[in-house]
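Contents: one structure, followed by commentary.
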Amino acid sequence: MRILVYDSLADWTREAADQVQAVLKSKERPVLMLPTGSTPIAVYEELVRRYRAGEISFSHAVSMNLDEYVGLAHDDPESYHYFMQHYLFDHVDMRPDRIFLPETQVEPAQACRDYDAIYDQYGPADIVLLGLGHNGHIGFNEPGTPFANRTCVVTLSQSTLEANKANFGARDDMPTHALAVGPAMIMESRRALLMVRGAGKASILKKVLTHPITEEIPGTLLQRHPDLVVLADREAAAELELA
Ligand code: GLP
């Protein structure tokens with residue numbers, strides 16, 4: 001495990017984008033596994049900037065997102081389909097037929113089987129970018145999700161519903177379930193980049209990195225990843241004992 005700590009958002013963002021850029025330049029068909037949430041937005045903005053500056057291309061890449069809400073249409077502004085188009089895919093040269101997210105327009109069990117099949121064709125990922133939930137979830141793998149899971153339907157926990165409900169504003173139709181790439185698939189990625197920012201994540205980051213590995217804190221599984229890079233800002237790293 002490597003822990004990288006940056007004081008400025010600009011440096012933190014540059015490091016994350018460098019990691020993606022290195023993967024894009026290293027292979028004929030790089031496979032990215034991508035997250036949503038507020039944490040990666042700056043990274044996507046930097047990747048778009050580099051694309052526009054002619055520094056990188058996504059034309060040869062495959063992208064599989066980590067998760068999606070059950071029941072939201074692709075054009076719903078709270079869906080992760082929409083999020084990814086808005087922050088990244090609308091602005092870069094990734095081939096539309098190489099962009100994958102769990103499908104919300106079919107029955108969830110079928111969507112899981114379909115996503116597993118896409119993964120079997122393109123996976124494992126060369127790099128998975130991960131945010132971190134306040135309860136230690138990675139992707140949408142909530143506490144209790146079996147580590148052996150492949151794509152699965154998860155019931156969102158109370159803490160996740162609370163954390164994400166601001167996005168839904170006055171709407172009363174926030175989904176209670178999501179489709180998620182399971183922990184087993186995250187762990188097969190050649191590199192895992194855990195991206196964490198802010199004081200609010202300091203205690204869960206410490207737990208994820210030091211607590212005995214348990215399905216009750218899904219992120220602890222990453223301790224076993226052979227190439228885990230933790231990218232934190234100073235606030236998120238506050239409780240870590242760094243050498
Ligand atoms: C959502 C996403 C996760 C993400 C988490 C953290 O639950 N499904 O993939 O890691 O939010 O979000 P944020 O980065 O906004 O703290």
Side-chain angles (χ1 to χ4, degrees), residues 9 12-13 16 20 32-47 63-72 76-84 86-88 100-104 108 111-112 115 125 127-145 149 151-169 174-183 185-187 189 192-209 217-222 225 228-233 235-237:
L9 175 60
W12 181 97
T13 304
V20 175
L32 312 175
M33 199 171 258
L34 297 177
T36 53
S38 54
T39 308
I41 291 175
V43 180
Y44 295 147
E45 287 170 349
E46 172 62 9
L47 290 171
S63 169
M64 289 190 74
N65 257 77
L66 282 159
D67 46 21
E68 176 58 291
Y69 287 111
V70 169
L72 296 188
D76 188 305
E78 291 315 320
S79 77
Y80 291 161
H81 277 81
Y82 184 94
F83 177 103
M84 291 306 298
H86 179 77
Y87 286 108
L88 185 64
F100 301 102
L101 289 96
E103 183 50 70
T104 51
C112 291
Y115 215 54
I127 188 166
V128 57
L129 273 53
L130 294 163
L132 184 62
H134 289 278
N135 58 5
H137 75 229
I138 46 175
F140 254 146
N141 292 289
E142 295 282 27
T145 305
N149 272 15
T151 312
C152 52
V153 183
V154 291
T155 303
L156 300 179
S157 69
Q158 205 49 45
S159 98
T160 300
L161 292 171
E162 290 294 323
N164 292 2
K165 99 175 161 200
N167 300 330
F168 285 82
M174 180 175 176
T176 53
H177 292 76
L179 301 166
V181 160
M185 294 148 96
I186 291 173
M187 288 298 282
S189 303
L193 181 67
L194 180 62
M195 307 187 300
V196 196
R197 285 207 319 267
K201 297 275 175 78
S203 88
I204 189 61
L205 179 59
K206 181 182 167 107
K207 261 197 203 152
V208 157
L209 300 184
I217 311 171
T220 56
L221 179 60
L222 295 171
H225 194 286
L228 171 64
V229 178
V230 179
L231 180 57
D233 68 1
E235 287 75 24

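Whatever order the structure lists them in is the order used to number ligands and atoms, beginning at 1.
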Rounded distance (nearest 0.5 Å) linking atom [atom1] of [X] with atom [atom2] of [Y]:
| X | Y | atom1 | atom2 | result |
| --- | --- | --- | --- | --- |
| Leu66 | Ile138 | CG | CD1 | 8.5 Å |
| Glu162 | Asn135 | CD | CG | 12.0 Å |
| Thr39 | Tyr44 | OG1 | OH | 10.0 Å |
| Thr36 | Leu88 | OG1 | CG | 12.5 Å |

Full working for side chain to side chain donor-acceptor pair (under 3.5 Å) between Thr104 and His81: CA-CA 9 Å; Thr104 51; His81 277 81; 4.8 Å; no
Nearest-neighbour protein heavy atom for atom 4 (C) of ligand 1, which is reported as residue plus atom name and distance: Thr36 O, 4.0 Å
Distance from atom 8 (N) of ligand 1 to nearest protein heavy atom, with residue and atom: Asp67 OD2, 2.9 Å
Can you list the ligand 1 atoms lying under 4.0 Å from a non-hydrogen atom of [X]?
| X | result |
| --- | --- |
| Tyr80 | 1 (C), 2 (C), 8 (N) |
| Gly139 | 3 (C), 8 (N), 9 (O) |
| Phe140 | 1 (C), 7 (O), 8 (N) |
| Gly37 | 12 (O), 14 (O), 15 (O) |
| Asn164 | 1 (C), 7 (O) |

Distance-only N or O hit between ligand 1 and His137, under 3.5 Å: yes
All salt bridge (Lys or Arg N to Asp or Glu O under 4.0 Å) counterparts of Lys207, not counting sequence neighbours: none
Plane angle bin for Phe140 and Tyr80 - parallel if under 30°, tilted between 30 and 60°, otherwise perpendicular: parallel
Identity of the nearest option to atom 6 (C) of ligand 1, non-hydrogen atoms only, from Leu132, Thr39, Thr160, Leu194: Leu132
Ser38, Gly131, Gly200: member with heavy atom nearest to atom 15 (O) of ligand 1: Ser38
Donor-acceptor pair between Thr13 and Glu46 side chains, under 3.5 angstrom: no
4.0 Å heavy-atom contact, Lys201 with ligand 1: yes
